There are 2 protein chains.
Amino acid sequence: MQISSRFTIALHIFSCVDTFGDEYKVTSDFLASSINTNPVIIRRILGQLRKAGLINVARGTGGITPTRPLSEITFYDVYKAVDPIERGSLFHFHENPNPECPVGRNIHNLLNDKLDAIQKAMEDEMRKYTIEDLHEGMESIIAKEEST
Amino acid sequence: MQISSRFTIALHIFSCVDTFGDEYKVTSDFLASSINTNPVIIRRILGQLRKAGLINVARGTGGITPTRPLSEITFYDVYKAVDPIERGSLFHFHENPNPECPVGRNIHNLLNDKLDAIQKAMEDEMRKYTIEDLHEGMESIIAKEEST
DNA sequence: AAAGAAGTAACTATTGAAATTACAACGGAT
DNA sequence: ATCCGTTGTAATTTCAATAGTTACTTCTTT
């Protein structure tokens with residue numbers, strides 16, 4: 001099991017917007033070319049980011065603008081926007097354990113706390129990284145590239 | 001995206017073995033009934049746990065025995081055994097970003113550290129919980145049930 | 001009104017999970 | 001040595017999600 005590439009694509013999108021947004025018009029065609037995929041894939045992800053309130057997308061003219069400071073958009077926000085999971089749980093319980101078995105009727109309750117803690121550990125780490133960090137990191141890499 | 005139910009099923013299996021192993025012969029049929037699935041599903045998961053060196057499975061007679069003390073089998077061991085992920089990464093990068101785009105050719109390097117840290121946070125939390133914890137928790141729940 | 005771009009429906013291909021049937025391989029009990 | 005219960009595993013089916021593509025509609029600026 002792997003987390004969908006929508007997550008890394010969304011981060012790639014933000015990085016392009018941050019880096020090129022002032023200079024070029026960043027359209028779904030432009031992004032599709034940088035990411036090497038189909039423009040419709042990009043538009044669908046843009047739609048998810050828009051519905052989550054992270055960006056505005058201009059129709060007609062094109063162009064993407066974050067709705068709040070980059071330091072206030074975390075990797076967790078992006079993850080939640082593009083990878084909604086069923087009933088909010090990262091883990092998948094087998095549906096109907098046997099209620100006549102002592103283990104079967106109690107395993108769910110027993111595991112819940114622990115699985116929640118594991119999921120929370122991942123999500124908390126995701127909250128540590130922001131689009132601002134991403135932007136700075138990319139600027140620094142590109143500056144180094146240009147100096148060689 | 002959700003982590004496969006094989007993980008929670010494997011934990012359920014361990015819990016049954018710990019709870020009933022001395023009393024009954026815990027077969028794939030027995031487990032399938034407690035978990036409410038097909039015996040072949042169970043056997044495939046047993047095969048993964050066996051290949052990972054966590055249990056021995058007796059053919060012919062049936063019966064499952066952990067290969068080491070329950071306190072030395074963590075949730076992480078179980079997770080790795082039943083949910084092998086491609087190239088070890090929880091995250092899925094889009095394959096071929098455009099090398100002519102400054103963002104495209106650098107995004108992978110920029111994200112790697114951060115994604116690794118997120119994955120590690122999850123795995124480290126998984127390492128905190130052992131099959132021994134699971135066993136004790138289940139004993140305690142069943143004892144409470146019996147006292148009412 | 002025209003042009004450019006996003007939004008979106010419809011379809012296909014591919015993959016993985018889960019379930020099921022069938023049978024071969026094994027091992028203890030008689 | 002054979003029988004029987006059990007595991008190991010291959011083959012098949014169903015279902016859902018991802019990813020990609022085409023085609024068309026909707027919107028906005030010029």
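The sequence lines fix the lettering, A, B, ..., with proteins before strands; numbering per chain opens at 1. Fair warning: this is a prediction, and the values are worked out from it, not measured in the lab. Atoms considered below: every heavy atom in the structure, side chains included; atoms not considered: hydrogens, waters and symmetry mates.
The separation between A:Leu31 atom CG and D:dA19 atom C1' is 17 Å, rounded to whole Å. Straight-line distance from the OH atom of B:Tyr24 to the P atom of D:dT6: 15 Å, rounded to whole Å. B:Asp83 places its CG atom 12 Å from the P atom of C:dG16, with the value rounded to the nearest Å. For the pair B:Leu46 CG and D:dG8 P, the computed distance is 7 Å after rounding to whole Å. Rounded to a whole Å, the CD1 atom of B:Ile42 is 16 Å from the P atom of C:dA17. As a whole-Å value, the separation of B:Ile3 CD1 from C:dA18 P is 12 Å. To the nearest angstrom, P of C:dG7 lies 12 Å from CD of A:Gln48. Spacing between atom CG of B:Asn56 and atom C1' of C:dG27 amounts to 15 Å, rounded to whole angstrom units.
The aromatic ring centroids of B:Tyr76 and B:Tyr129 lie 6.0 Å or more from each other.
Of all nucleotides listed (D:dA19, C:dG4, D:dA10), D:dA19 comes nearest to the side chain of A:Ile41. Nearest to the side-chain atoms of B:Ser4 among the listed nucleotides D:dG20, C:dA17, C:dT20 stands C:dA17. Side-chain proximity of B:Arg43 to D:dT9, C:dT8, C:dT20: nearest is D:dT9. In the set D:dT21, D:dA19, C:dA22, the nucleotide with an atom closest to the side chain of A:Asn38 is D:dT21.
Between B:His94 and the phosphate of D:dG20, there is a side-chain N or O to OP1/OP2 separation shorter than 4.0 Å. The side chain of B:His92 contributes no N or O atom lying less than 4.0 Å from OP1 or OP2 of D:dT18.
Looking at heavy-atom distances under 4.0 Å, B:Val57 makes contact with sugar-phosphate atoms alone, never a base.
You'll find a donor-acceptor pair under 3.5 Å spanning the side chain of B:Arg59 and the base of C:dA25, going by distance alone. For B:Arg44 and C:dA19, a side-chain-to-base donor-acceptor distance below 3.5 Å is present, hydrogens and geometry of angles not being considered.
When the nearest nucleotides of DNA chain C are assigned to B:Thr37 and B:Thr61 by heavy-atom distance, the more 5′-ward of the two goes with B:Thr37. Summary of the strand contacts: A:Arg50 and A:Gly60 both lie near DNA chain C, and taking for each the nucleotide with the nearest heavy atom, the more 5' one is attributed to A:Gly60.
The residues B:Glu125 and B:Lys128 are annotated as salt-bridged, a charged nitrogen and a carboxylate oxygen being separated by less than 4.0 angstrom.
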If you apply the rule salt bridge (Lys or Arg N to Asp or Glu O under 4.0 Å), what do you find for A:Glu100 with A:Arg105, and how did you get there? CA-CA 7 Å; A:Glu100 289 172 37; A:Arg105 69 170 165 266; over 6 Å; no
Going through the distances and angles, do A:Arg68 and A:Asp77 end up as a salt bridge (Lys or Arg N to Asp or Glu O under 4.0 Å)? CA-CA 12 Å; A:Arg68 51 181 199 251; A:Asp77 296 323; 3.2 Å; yes
Full working for side-chain contact (heavy atoms from CB on, under 4.5 Å) between B:Asn106 and B:Leu110: CA-CA 6 Å; B:Asn106 289 307; B:Leu110 179 58; 5.6 Å; no
